[in-house]
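Structure first, then comments.
In listed order, ligands and their atoms are each counted from 1. Every heavy atom of this structure was used, including side-chain atoms; hydrogens, water molecules and symmetry mates were not.
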Amino acid sequence: MMGVTIKRTAITRGALAGVSGLLAGFASLAAAELVAAAVRPEAGPITAVGGAAIDLTPAPVKDWAIRSFGTNDKLVLQLGIVSVLVLLALALGMLALRHRRVGAAGVLVFGAVGSVAALSRPDSESWTDALPSVCGAVIGTAVLYLLIGALSTDRAAAGESPSDSRWDRRGFLLAASAAAVASAGVGALGRSLTGRHGMDAVASRGAVRLPPPASTAAAIPSGARLHLRGMKPFTTPNKDFYRVDTALVVPKVDAMDWRLRLHGKGVRRPLSLTFQDLLDRELIERDITLTCVSNEVGGPYVGNARWIGVRLADLLREAGVKPPSKGGPADQLVARSVDGMTLGSPVDDIMDGRDALLAVGMNGEPLPLDHGFPVRMVVPGLYGFVSACKWIEDIELTTFDDYDPYWVKRGWARRAPIKTQSRIDTPKPFARPKSGTVMVAGVAWAQRRGIDRVEVRIDDGPWRQADLAAQHTIDTWRQWSLPWKATAGSHTLTVRAMDRDGEIQTQRRAKTVPDGASGWHSVVVIVE
Ligand SMILES: Nc1nc2c(c(=O)[nH]1)N[C@H]1C(S)=C(S)[C@@H](COP(=O)(O)O)O[C@H]1N2
Ligand SMILES: [Mo]
């Protein structure tokens, strides 16, 4: 009888020790959140550790995460971090029940990990970034020590009355509830302060009035848009535009405080520009299709928008920069964002007459925060990771020999022009259309070259020429369609494009790493 009671008591105390660990973890994250709101929201332990995890993840794994979870990859990462923390907190609670000081001190290890992560972030500029993790760890340690204290009274430990759980049940419940309520309050306060932090950026975006561009975009020919069900619109609305970046917390930049520095090799007159300086310059408006190197054949990471911005080549010339083809010393332009991301583009490409932009507007509004407010780069013909720096704040002229930007350090190519690609948007994979005429349609892109022809093959039949919608500009994608007399059964539809250089899209299958996927897009349908 007595044995059973002791065992049950032990189990209860063990479980409550686990709960203590969880409460300590919760208290420590809440405290860290509050301190981070005061110091810098990005220095919070979850964001810092998550950011470090993203940077340390090998390219193939990252690519797999983007492929499997798409834009939810960051949410999945955060859930992963929290799950690991929950398990470790339970374990620490149990440990603390046996070795109170050791267990409680274990929380400090997390503080150390969080601090190191926060301080090593590329956007970290001050030792104060360690404070959220340090304060959180100290609070967590104290909470665990106190709660475990209530669980293990000396009397119970001395075994005076083993049949009865002499630990302070009431004391523990009170302390635990107090810790839970206080943590929830502190966490909520931290959250609301963090939210307020971004409000300057939101307000400054709301106050932006984009001047009319000196050079407007050419009108999109009515023949450029096919009105077919299942097709994506020619111009991708901002809310549907794909988003790919490493930012766990979207940088909130106040346009009024923003400055862009332009400096480096061969820069005779370094520049420092405000947002207003940019708006006061000649603005141009262009339709440009952006593509991510992580886009699989047939994938969704491509979008077309109407950008407004300043010609980057004009700024470079003003600063005295010459492209290497004209004897300039710098062949790489490295753009750096406020969150420490670096992207490198060939100076020759940017100055070859294409509309490489420092963009301030996207589809008629200031850049959305997710897409780089207040200023980003957009370069026709180059994958985003070698050109499209969002939240840009610094441009340095250097060489490909001297500096490898973020993605290059992680196994991606130094130079990455966009490969000719085509995609079937309708019918969808494994659709079951009725036999008769079925519209096969989609898009093709070869920015800087333009699309000359699109061909579709049914099963192993001959290639058939698709009807092309009008080509708007060589920097935008082009829609195409083909009416197909579908017969009952399972069929494989395949598409390929030819660019205006006469180059046929290669059949050779390549992975996204290091310089973009290639191969033909196929869709299997079952005609009824
Ligand atoms: N600061 C910053 N800029 C960035 C990135 C990033 O991670 N951080 N990702 C790049 C990549 S890989 C692509 S494809 C484009 C995507 O731009 P979008 O999210 O506006 O579609 O942004 C580029 N600019
Ligand atoms: Mo990308």
Side-chain angles (χ1 to χ4, degrees), residues 42 50-51 53-55 57 59 62-63 65-67 70-74 77 121-123 232 235-253 258 260 288-296 299-307 309 333-345 356-363 365-395 405-414 416-419 421 445 447 477 511-517:
E42 293 80 4
I54 291 179
D55 290 355
T57 306
K62 202 174 320 196
D63 208 40
I66 291 177
R67 228 178 313 134
T71 311
N72 289 326
D73 56 348
K74 297 188 183 73
L77 173 69
R121 302 304 301 137
D123 51 348
K232 303 267 181 275
T235 301
T236 314
N238 289 351
K239 66 171 179 22
D240 300 333
F241 207 97
Y242 81 88
R243 174 184 163 203
V244 171
D245 56 56
T246 58
L248 272 177
V249 176
V250 175
K252 312 272 185 343
V253 182
W258 179 87
L260 176 71
I288 298 167
T289 298
L290 206 66
T291 313
C292 181
V293 72
S294 296
N295 195 45
E296 299 279 318
Y301 301 133
V302 50
N304 181 56
R306 176 159 286 194
W307 310 93
L333 178 152
V334 172
R336 185 183 299 271
S337 70
V338 299
D339 60 335
M341 168 58 65
T342 50
L343 301 87
S345 326
L357 299 179
L358 272 179
V360 293
M362 180 179 186
N363 290 330
E365 35 175 303
L367 289 179
L369 298 186
D370 282 358
H371 295 289
F373 180 81
V375 183
R376 75 174 303 170
M377 271 174 59
V378 175
V379 183
L382 300 181
Y383 283 118
F385 84 108
V386 288
S387 66
C389 187
K390 306 194 273 189
W391 314 291
I392 191 173
E393 68 169 4
D394 188 278
I395 292 179
Y406 184 93
W407 295 105
V408 175
K409 286 196 187 99
R410 289 161 176 78
W412 298 79
R414 290 200 170 80
I418 294 175
K419 297 180 180 177
Q421 269 296 331
W445 59 89
Q447 291 93 316
W477 57 13
K511 293 209 214 66
T512 56
V513 188
D515 65 353

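Summary of contacts: the protein heavy atom closest to atom 11 (C) of ligand 1 is Val244 O, 3.7 Å. At the top of the distance list for atom 6 (C) of ligand 1, counting protein heavy atoms only, stands Asp245 CB, 3.4 Å. The protein atom (non-hydrogen) at minimum distance from atom 21 (O) of ligand 1 is Tyr242 O, 2.7 Å. At the top of the distance list for atom 23 (C) of ligand 1, counting protein heavy atoms only, stands Ala388 O, 3.6 Å. Atom 8 (N) of ligand 1 has its closest protein heavy atom at Met341 CG, 3.4 Å. With hydrogens left out, the protein atom closest to atom 3 (N) of ligand 1 is Lys390 N, 3.0 Å, a heavy atom.
The environment of NZ in Lys409 is crowded: more than 12 heavy-atom neighbours from other residues, nucleotides or ligands sit within 6.0 Å.
Heavy-atom contacts of Phe241 reach the following atoms of ligand 1: 21 (O) (cutoff under 4.0 Å). Atoms of ligand 1 lying under 4.0 Å from at least one heavy atom of Arg243, given by number and element, are 19 (O). Near Cys292, meaning under 4.0 Å from any of its heavy atoms, are these atoms of ligand 1: 14 (S). If you number the atoms of ligand 1 from 1 as listed, the ones under 4.0 Å from a heavy atom of Ser337 come out as 1 (N). Taking a cut-off of under 4.0 Å to the non-hydrogen atoms of Asp339, the atoms of ligand 1 that pass are 1 (N).
Across all their heavy atoms, Phe241 and Asn304 have their closest contact at CE1-N, 3.6 Å. Heavy-atom minimum distance, Ser345 versus Ser387: OG-CA, 3.6 Å. Heavy atoms only, all atoms of each residue included: Asp515 and Ala413 are closest at CB-CB, 3.7 Å. When every heavy atom of Ala388 is checked against every heavy atom of Arg376, the shortest pair comes out as O-NH2, 3.1 Å.
At least one heavy atom of Arg376 sits under 4.0 Å from some atom of ligand 1.
With hydrogens and angles disregarded, a donor-acceptor distance shorter than 3.5 Å links the side chain of Asn363 to the backbone of Thr236.
Below 3.5 Å of separation, one finds no N or O of Thr291 facing any N or O of ligand 1. For ligand 1, the polar-atom distance check against Trp391 finds no nitrogen or oxygen pair separated by under 3.5 Å.
Note on residues 239-248: pairs passing side chain to side chain donor-acceptor pair (under 3.5 Å), not counting sequence neighbours, are Lys74-Asp245, Arg243-Asp245, Asp245-Lys390.
With 3.5 Å as the limit, one finds no donor-acceptor pair spanning the side chains of Ser337 and Glu393.
The only option from Tyr383, Tyr406, Phe385 that meets the side-chain contact (heavy atoms from CB on, under 4.5 Å) definition with Trp412 turns out to be Phe385.
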